[in-house]
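Heads up, the thing below is written out as structure tokens.
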Amino acid sequence: MGRLVERSAEGLIKACGFASALIVLLIVFFLFKEGISFLNSSPVEDHYALFVHSGNPVTQLDEGQIKDLFDKKITNWNQLTNYEYPVVLLTAGDLERLFTPEQLGKNLEYLNACVAHYIDTVPGTLAYFSERQLGLSPAIRIVPVPNISLWKFLSGRQWFPTAQPAAIMGTLPLILGTLLVSLLAILIALPLGLAAAIYLAEIADPRMRNILKPVIELLSGIPSVVYGFFGLVVIVPFIQNLFGLPVGETALAGSFLLAIMALPTIITVSEDAIRTCPIAVKEASLALGASHWQTIFRVILPYASSGITAAAILGIGRAVGETMAVLMVTGNAALMPTSLTQPVRTIPATIAAELGEASFGGLHFKALFALGCLLFLITLVTNLLVERTTSKSRKS
Amino acid sequence: MISFPTQVDRKKRFHQAIAFWIARIISYSILLILFFILFFILKRGIGVINWEFLTAMPSDGMTKGGILPAIVGTLYLVLMSMVIAFPVGVLSGIYVNEYAKEGAIKQFVKMMTNNLAGVPSIVFGLFGMALFVNRLGFGASILAGSLTLALLALPLIIRTTEESLKAVDDTFRHASYALGAGKLRTIRKVVLPIAFPNIITGLILGIGRVSGETAPILFTVAAYFLPKLPHSVFDQAMALPYHLYVISTSGTNIQASRPIAYGTAVILILIVLGMNLLANFVRSHYSRKVKMK
């Protein structure tokens, strides 16, 4: 009996260990299952299609062209192809205006004939209808819309996930926005954090250090939403006034805030790295007549360089994944970032802002999961880099 | 030590003085910024907090009244997520430190839990939504949110457990084996009691972490406004960090709800700082006791 209890207890311990290890794989599975199904699907809603006159030579339309057509930026087919007709849009909303209820029939059974007739008489028509409602007839044909490819997803310069009739999902502005905000944040935080780490490890009184270090660690525990709130009420108006901007929610505000948030991590990790320098190495340098500062600069910092690199990568990884604070201060405009004083939108902020509105299982929903995959991969790579740099330093 | 400063020495000393002062000034400026953030929020928020603020429902489009439902929601989330994450985390920590043999499996488990710690919180939110809310059909509920937060806290608890078990000297284990105790009994009667206070600090830090997280609960539990308190684990709930987010960015009247936002931020800061201080206290109190023995 006692043996049985012992066996089952040990089994439980092992099961928990493996379950914890498998969670990452489970996350990968669910994230990528939703995210990958997004690729190779059509940007047009299921069962819907674009119809044109059969004499229209246009071979295919991509999401950007469709948006321009429906936004009336392209007004004549000759802008796209060899076809001299003005573009006339026709969607379900136009039916009542163009046809009487009798013409359409009680259950829209004559819709097909009406639309076919209309397209036949107006050769520049671009119609957007359900394929079920609108069968094919000799006068009209479906324009193929190419599926979303990984390349288009990563390099597209426009993000209009709710655009009708075809969603545009280019994540390049989001990727660049994320990188811009995070890298600038580390550029600000790293020199400051390193100086503080040097101070704590080498210059400060041990008593002072014993007070300062826990305080700094304490501050890294403050929730990001609180930092975001502070950014919203202090940093955003400050930047708005400083540069005389119409809005203060900018990439710069996000970078400042992320820099402040990254400081505790960078300080703690690089201080630990600096303190791993063996005392013998340090004393050898001092014995050769180098001053304490020369020793720090020429001996200790090179010795700790891999640890400091790890701190920087770790900081970037955290900054890339940071959601709430960035969401609250960067303005969230999904445009290609051109200057620091413009609103930008990062990948996590996009997920946080849009997932609530995306219909479950829809294209937009899947696209946000694909963004989640991207984010996961970025942080996975930074984790592996940190592991490699720290294990390398341990070996040497 | 007698020395005769040369030109080079003087230059060297001058450089060192400048460098050290720069490092000193930067360090104190960082500290100043961080304290400025704390005091800025505390100064404006501490006056808002009174009995009514803590125990009343929000009213007038969340510009007046209290934050009771958010406090209760966060309490439920913290309690439930810890009930799930603490036992699993401690058992996993025991597995990694006591049972797993050096080699591929241990490496794999360690690598996975390390990576789990680096996963951004919004990704946990996505995963929680895909698995708990949709696949398992819990809907946006306290249960789904707690499970998501439990996953987030898991690596923290595993790591602290592992470290505290590692800190237990092997002589204790050997003594126990020598007295004829089995492995499980040794862990239960000898190793765990010694490591327990340190393991508890993991729990406390987990509570601090979980109560401040917003991104994982955005889609798994959080409600913008609920007129009543949750009745079961399948109800949606308000939560402190999400409440701070909505009333500071998208409330009906953002300026009028600012005092409430400051008050909520102060409560969050106090919870997190309180938990961290408690963890530090437990740790230092315990390490002093061990030294005395």
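- Among residues two or more places apart in sequence or in another chain, the side-chain hydrogen bond (donor to acceptor under 3.5 Å, both in side chains) test is passed with N276(B) by none.
- Atom CG of L184(B) is surrounded by more than 12 heavy atoms from other residues, nucleotides or ligands within 6.0 Å.
- Relative orientation of the F18(A) and Y95(B) rings is tilted, given thresholds of 30° and 60° on the angle between their planes.
- Contacts of I13(A) with chain B are made by both backbone and side-chain atoms, with heavy-atom separations under 4.5 Å.
- When each of S20(A), G228(A), A197(A), G372(A) is checked for heavy-atom pairs under 4.5 Å with chain B, S20(A) comes out on top.
- For N114(B), the parts lying under 4.5 angstrom from a heavy atom of chain A are both the backbone and the side chain.
- Only the side chain of M208(A) has a heavy atom closer than 4.5 Å to any heavy atom of chain B.
- Under the salt bridge (Lys or Arg N to Asp or Glu O under 4.0 Å) criterion, R188(B) pairs with no residue at all, not counting sequence neighbours.
- For L31(A), the part lying under 4.5 angstrom from a heavy atom of chain B is the side chain only.
- A cation-pi arrangement is present between R44(B) and F40(B), with the terminal nitrogen or guanidinium carbon under 6.0 Å from the aromatic centre and inside a 45° cone about the axis.
- Of the atoms belonging to V234(A), it is side-chain heavy atoms, and not backbone ones, that fall under 4.5 Å from chain B.
- Taking chain A as the reference chain and counting heavy-atom pairs below 4.5 Å, the highest number among S27(B), G118(B), G212(B) is found for S27(B).
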